[in-house]
Amino acid sequence: QVQLVESGGGLVQPGGSLRLSCVASGSIFSIYGMGWYRQAPGKPRELVAVINSGDISDYADSVKGRFTISRDNNKNTVYLQMNDLKPEDTAVYYCNADLLTITFRRNNYWGQGTQVTVSS
């Protein structure tokens, strides 16, 4: 009933930029928060950035000052602007939504992931 579709990943050189988008659709009543997580090979999935319904955001220390999370509530979309990308940013990036369905069940949903590769 709910799906998250991510886009915007790709291959960039160090210092480059990418903008990820994630659109939530389906039987959604409201979205409490949305976020981006990433998982590099051999490492656990980690928080990159989150933003709640009040537009309060939080970031992993490793991306502060370089990444910006934002959301468009009318479009049920969350964005991640990634600047000054570094090789260590290479990972599969996953979108997450903490939401209330139209049946008033609160659940977390995940996107399929989009690959971000930062390499020369």
What's the spacing between [X] [atom1] and [Y] [atom2] if we round to 0.5 Å?
X    : Y   : atom1 : atom2 : value
L99  : S53 : CG    : OG    : 12.0 Å
S120 : Q13 : OG    : CD    : 6.0 Å
N52  : S57 : CG    : OG    : 8.5 Å

Are [X] and [Y] linked by a side-chain donor-acceptor pair shorter than 3.5 Å?
X    : Y    : value
Y93  : R38  : yes
S17  : N83  : yes
S119 : T117 : no

Give a yes or no answer on whether the side chain of [X] reaches the backbone of [Y] with a donor-acceptor pair at less than 3.5 Å.
X   : Y    : value
T77 : K75  : yes
T90 : V118 : yes
E6  : C22  : no
E46 : Q39  : no
N96 : Y109 : yes

Minimum-distance pair of heavy atoms, taken over all atoms of T101 and F29:
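Smallest heavy-atom distance, with atoms named: O-CB, 3.4 Å.
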Is there a path of hydrophobic side-chain contacts, each under 4.5 Å between heavy atoms of I, L, V, M, F, W or Y residues, that connects [X] with [Y]?
X    : Y   : value
L100 : M34 : no
I69  : L18 : yes
L85  : V63 : yes
V2   : W36 : yes

Answer yes or no: are there more than 12 heavy-atom neighbours, outside Q1 itself, under 6.0 Å from its atom CD?
no
Heavy-atom neighbours of E88 CD exceed 12 at 6.0 Å
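Enclosed.
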Within 45° cone and under 6.0 Å: R106 NZ/CZ vs Y32 ring:
yes
Give a yes or no on whether the ring-centroid distance for F67 and Y59 is below 6.0 angstrom.
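So the answer is no for these two rings.
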Taking it one step at a time, do N76 and I31 satisfy side-chain contact (heavy atoms from CB on, under 4.5 Å)?
CA-CA 8 Å; N76 288 337; I31 300 178; 3.5 Å; yes
Is there a side-chain contact (heavy atoms from CB on, under 4.5 Å) between T114 and L20? Walk through the geometry before answering.
CA-CA 9 Å; T114 184; L20 305 183; 4.1 Å; yes
Does W110 form a side-chain contact (heavy atoms from CB on, under 4.5 Å) with C95? I'd like the steps, not just the answer.
CA-CA 6 Å; W110 292 91; C95 177; over 6 Å; no
Are the charged groups of K64 and D61 less than 4.0 angstrom apart, N to O?
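A salt bridge is present here (some side-chain N lies under 4.0 Å from a carboxylate O).
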Test item: Y79 and T68 side chains (from C-beta on) under 4.5 Å apart, heavy atoms
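A side-chain contact is absent here, since even the closest heavy-atom pair is not under 4.5 Å.
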Apply side-chain contact (heavy atoms from CB on, under 4.5 Å) to the pair I28 and I102, showing each step before the final yes or no.
CA-CA 5 Å; I28 301 168; I102 59 174; 5.8 Å; no
